[in-house]
2 protein chains.
Amino acid sequence: MTALIKENTKLFKTLSDPNRLRILKMLQTKSLCVCEITDILNLATSTVSKHLSILRDTGFIIEEKDGKWVNYMINPRPSDKRISSILSTLDFWISDDNLIISDKQKIQKVDRITVCSKF
Amino acid sequence: MTALIKENTKLFKTLSDPNRLRILKMLQTKSLCVCEITDILNLATSTVSKHLSILRDTGFIIEEKDGKWVNYMINPRPSDKRISSILSTLDFWISDDNLIISDKQKIQKVDRITVCSKF
DNA sequence: ATTTCACTTCGTTATATAACGAAATATATA
DNA sequence: TATATATTTCGTTATATAACGAAGTGAAAT
């Protein structure tokens, strides 16, 4: 199997996981750090970190260091036109269900200081 | 995890396999039976049959019985608008590589009687 | 300097998927 | 009716992926 055809599947593999779709939808509402996403998805930190690295490697999201936090956000200028296309029409590809709607509601309330630290 | 978010991933899971992408590309050139696809992909018949059932279940392709053969073809009227969208812009999503180009060349030459039967 | 905190990486385990050959099914031919 | 052919289904095995906790990394606070 040549390299290019696998490269073609990479985009779709990235979109094949429910939690990654949820993350994409969440980040379209608001930039978030790892612990905020972890809190909403209710997964281990390491699991979320892995999902984020996959989304980043494929080009869907970018990261920005902010002190001890790492903020993840939708990639504003993807080099792959397919990624741009998916991102600008995400609601077409991923229809909202109750879970995604409740994710959005949680994002409004989520507070980095409360969720992530013990101050 | 609710049912709908998994339904959302189903489309992408189907597109996540190199051999299924090759099959889709092939069927856009020409309707083919299982043994013709098997010959080109160089896989076991049962494996190809399984890939075809996944593509059919997701709505990308349809089948048509023709005596002892089963012809598979691109679904001309998918009920899911996302499937229609992918199918009508397949070259945008899946760029041709050498493997896909050579698949197309093989399709021109492939002959059901020669490939599939021992007459 | 040391500790704390947010995150990543590593190693392991459980589950999902792809592949195969054998058996079952369905259709056509002898 | 019996046999051959095309395909599907089943059972198994190998590989890929997702999840976890523990260990490691780097920045901020003490």
Side-chain angles (χ1 to χ4, degrees), chain A residues 1 5-7 9-23 31-58 61-73 110-119, chain B residues 1 5-6 9-23 27 31-58 61-73 110-119:
Chain A
M1 202 63 65
I5 189 104
K6 279 206 176 170
E7 193 60 32
T9 64
K10 191 180 166 188
L11 170 87
F12 300 121
K13 272 190 200 297
T14 297
L15 295 168
S16 292
D17 183 89
N19 288 317
R20 287 197 289 270
L21 294 186
R22 288 172 73 186
I23 292 172
S31 297
L32 297 163
C33 69
V34 181
C35 63
E36 289 172 314
I37 297 167
T38 302
D39 180 65
I40 291 164
L41 294 184
N42 201 30
L43 292 171
T45 316
S46 56
T47 304
V48 172
S49 179
K50 179 66 180 166
H51 281 313
L52 288 166
S53 78
I54 290 168
L55 286 165
R56 178 171 37 71
D57 290 349
T58 315
I61 62 175
I62 57 168
E63 62 176 74
E64 228 170 57
K65 293 248 167 93
D66 173 24
K68 57 183 172 181
W69 287 289
V70 180
N71 288 321
Y72 282 92
M73 57 204 72
V110 101
D111 172 34
R112 180 168 311 182
I113 303 302
T114 314
V115 168
C116 303
S117 67
K118 283 117 188 173
F119 295 147
Chain B
M1 202 63 65
I5 188 105
K6 279 206 176 172
T9 64
K10 191 180 165 187
L11 170 87
F12 299 121
K13 271 189 200 299
T14 297
L15 295 168
S16 291
D17 182 89
N19 288 318
R20 287 197 288 271
L21 295 186
R22 289 173 72 187
I23 291 172
L27 292 181
S31 297
L32 296 164
C33 69
V34 181
C35 62
E36 289 172 315
I37 297 167
T38 302
D39 180 66
I40 291 163
L41 294 184
N42 202 29
L43 292 171
T45 316
S46 57
T47 304
V48 172
S49 180
K50 179 67 179 167
H51 281 312
L52 289 166
S53 79
I54 291 168
L55 287 165
R56 177 171 38 70
D57 291 350
T58 314
I61 62 175
I62 58 168
E63 62 175 75
E64 227 169 60
K65 293 250 169 93
D66 173 24
K68 58 183 171 181
W69 288 289
V70 181
N71 288 321
Y72 282 93
M73 56 204 73
V110 101
D111 173 34
R112 180 168 311 182
I113 303 302
T114 314
V115 168
C116 304
S117 69
K118 282 114 187 175
F119 295 147

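Only heavy atoms go into these numbers, but all of them, side chains included; no hydrogens, no water, no symmetry mates. Protein chains get the first letters and strands the later ones, always in sequence-line order, with residue 1 at the start of each.
- Note on Arg56(B): nothing from the nucleic acid sits closer than 4.0 angstrom, heavy atoms only.
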Kindly give the atom pairs (protein nitrogen or oxygen, nucleotide nitrogen or oxygen) under 3.5 Å for nucleotides 20-24 of chain C.
residue : atom : partner  : partner atom : Å
dC20(C) : OP2  : Ala44(B) : N            : 2.8
dC20(C) : OP2  : Thr47(B) : OG1          : 2.9
dG21(C) : N7   : Ser46(B) : OG           : 3.3
dG21(C) : O6   : Ser46(B) : OG           : 3.0

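- Look at CD1 on Ile37(A): it is 14 Å from C1' on dT8(C), rounded to the nearest Å.
- Straight-line distance from the CD1 atom of Ile54(A) to the P atom of dT9(C): 12 Å, rounded to whole Å.
- For dA19(C), one of the phosphate oxygens OP1 or OP2 lies less than 4.0 angstrom from a side-chain nitrogen or oxygen of Asn19(B).
- Within 4.0 Å (heavy atoms only), Lys50(B) reaches no atom of the nucleic acid at all.
- Atom-to-atom, CH2 of Trp69(B) to P of dA6(D) comes out at 6 Å; the value is rounded to the nearest Å.
- By the 4.0 Å N-to-carboxylate-O rule, Asp17(B) lies too far from Lys50(B) to be salt-bridged with it.
- End-to-end axis angle of the helix from dA1(C)-dT30(D) to dA30(C)-dT1(D), using five pairs per end and rounding to 10°, comes to 10°.
- For the pair Lys65(B) NZ and dT7(D) P, the computed distance is 11 Å after rounding to whole Å.
- Partners of Asp57(A) according to the side chain to side chain donor-acceptor pair (under 3.5 Å) rule, which considers only residues two or more places apart in sequence or in another chain, do not exist here.
- Looking at heavy atoms from C-beta onward, Arg20(B) lies out of side-chain contact with Thr58(B) at the 4.5 angstrom threshold.
- For the OP1/OP2 pair of dT8(C) and a distance below 4.0 Å, the side-chain nitrogens and oxygens of Tyr72(A) include at least one atom meeting the criterion.
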